[in-house]
Number of protein chains: 2
Amino acid sequence: MRRAENISIETLRGRFAEAGLRFTRQREAVWNLFARSRRGFSVAEAARALGKKRIGPATVYRTVALLEEMGLLGRIHDERHEHRFVACTPGHVHHLVCTNCGRVVEFEACGIPILERLLAAETGFSVEGHHLEIYGICSKCREAAK
Amino acid sequence: MRRAENISIETLRGRFAEAGLRFTRQREAVWNLFARSRRGFSVAEAARALGKKRIGPATVYRTVALLEEMGLLGRIHDERHEHRFVACTPGHVHHLVCTNCGRVVEFEACGIPILERLLAAETGFSVEGHHLEIYGICSKCREAAK
DNA sequence: GTTGTTGCAAACAGTTTGCACGAAA
DNA sequence: TTTCGTGCAAACTGTTTGCAACAAC
């Protein structure tokens, strides 16, 4: 397991510069919104929240797509199967999602590659990647239910 | 791994009867559409296809939700992250998805429960379930690309 | 005959697009 | 100054809801 540790604004600015992209107040605001949330947001929710700061929905949609491509936002699904995004540490991580409060914890899953090799051998697929999410109830929610 | 083997219409009728639900021509048509496809459909696609048979979109949405609850349709995500549904054998299965043609193969993943126990111990979550999809290129698509 | 289901139409929510203006570099 | 990025508004697509008519059982 890995403790989530979001990248700093300076690092983020650097990532944009490397990619030849501009670092605008809108992009910073979108990142901050996600970086400060343990639960993440659907893009529509984020667009509503950022609308108050005079950032248009189109910008939010474009920016979330950009951050996802850069590997800075990860995609999860909530209990209603809605797409949500959470800030995630770069690299290959998966998410453990609380189905009650929506809190998300990152983890690494080292067992999957073996399964992938087995499947490749048995099915003839050449495996390229995978998506794994685990659902449960976090300890705070279990305490609260008592 | 498990070879997909769809249930018969008679079995399906029985499942509906057990649940106190009616087995209508619309529900049969929705099931047939999915049962005959290796690729599955988004609900919108299914609604378009079934519209030609005078089945309204509302019915398709309601029926797909019903079949999913009954465990007869499984949810996957295509290369554009769009939700798609595929007929699946009852029980706990996962899907291997071809990112080129969309073909879906079911499999069982026996390694996950161990990971779940580890995560439960390390994070304090009580784990309830998981969702795993593996992506790759099927052998037919690899042949075709040569 | 009852009662669950359906089709329709309307309302809605989420998302994308084009383009003139504005602001990073 | 030069692009790239943004806001706005409009257009779409996907999805849900209410209700009268219909068809399983």
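Predicted model only: the values in this text are computed from it and were never measured. Lettering follows sequence order; numbering is per chain, from 1.
Residue Ile55(A) comes nearest to Ala29(A) through the heavy atom pair CD1-CB, 3.7 Å, listed as atom of the first residue, atom of the second, then distance. Listed here is the closest heavy atom pair of Ala109(A) and Leu132(A): CB-CD2, 4.1 Å.
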Could you go through Leu119(B) and Phe107(A), starting from their C-alpha distance and side-chain angles, then the distance that decides it, and tell me whether this counts as side-chain contact (heavy atoms from CB on, under 4.5 Å)?
CA-CA 8 Å; Leu119(B) 286 173; Phe107(A) 67 90; 3.7 Å; yes

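Distance, His81(A) NE2 to dG14(D) C1': 17 Å, rounded to whole Å. Here the P atom of nucleotide dA24(D) and the CD atom of Glu28(B) are 11 Å apart, to the nearest Å. In this entry the distance linking CZ of Arg27(B) with P of dC25(D) reads 10 Å, nearest Å. Here dG5(D) presents its C1' atom at 11 Å from CZ of Phe16(A), a figure rounded to the nearest Å. Whole-Å rounding puts the Leu50(A) CG to dT6(D) P distance at 12 Å.
Rounding to the nearest 0.5 Å gives a distance of 4.0 Å between CZ of Phe125(B) and CG of Leu96(A). Atom SG of Cys88(A) and atom CD1 of Ile7(A) lie 9.5 Å apart (nearest 0.5 Å). Between Glu82(B) atom CD and Ser42(B) atom OG the span is 4.5 Å, to the nearest 0.5 Å.
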Side-chain donor-acceptor contacts of residues 137-146 of chain B below 3.5 Å, not counting sequence neighbours, with atom names and distances?
residue, atom, partner, partner atom, Å
Arg142(B), NH1, Gly124(A), O, 2.9
Arg142(B), NH2, Gly124(A), O, 3.4

Name each donor-acceptor pair under 3.5 Å that joins a side chain in residues 64-77 of chain A to protein atoms two or more places apart or in another chain, with its distance.
residue, atom, partner, partner atom, Å
Glu68(A), OE1, Arg75(A), NH2, 3.0
Glu68(A), OE2, Arg75(A), NE, 3.0
Glu68(A), OE2, Arg75(A), NH2, 3.3
Arg75(A), NH1, His83(A), ND1, 3.4
His77(A), ND1, Glu133(A), OE2, 2.7
His77(A), NE2, His83(A), NE2, 3.2
His77(A), NE2, His77(B), NE2, 3.0

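Defined by atom type and a distance below 3.5 Å, a donor-acceptor pair is present between the side-chain atoms of Glu106(B) and Thr89(B). Using modelled atom types and a 3.5 Å distance limit, the side chains of Gln26(A) and Thr63(A) yield no donor-acceptor pair. Under 3.5 Å, the side chains of His94(A) and His131(A) contain no donor-acceptor pair of N or O atoms.
Consecutive pairing runs in DNA chain D reach the stem threshold at C:1-25 with D:1-25, where a stem means at least three Watson-Crick or G-U wobble pairs with distances under 3.5 Å.
Taking the six-membered ring wherever Trp is involved, the centroid distance between the rings of Phe41(B) and Phe34(B) falls below 6.0 Å.
Mapping Gly20(B) and Pro57(B) onto DNA chain C via the closest heavy atom, the residue that lands nearer the 5' end is Gly20(B).
DNA chain C lies under 4.0 Å from no heavy atom of any residue of residues 64-80 of chain A.
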Check nucleotides 10-14 of chain C for protein N or O atoms closer than 3.5 Å to its own N or O atoms and list the pairs.
residue, atom, partner, partner atom, Å
dG14(C), OP2, Arg48(A), NH1, 3.0

What does nucleotides 18-25 of chain C look like as a protein-contact string, B for base, S for sugar-phosphate only, - for none, at under 4.0 angstrom between heavy atoms?
B----BBS

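Arg36(B) CZ: 12 or fewer foreign heavy atoms inside a 6.0 Å radius.
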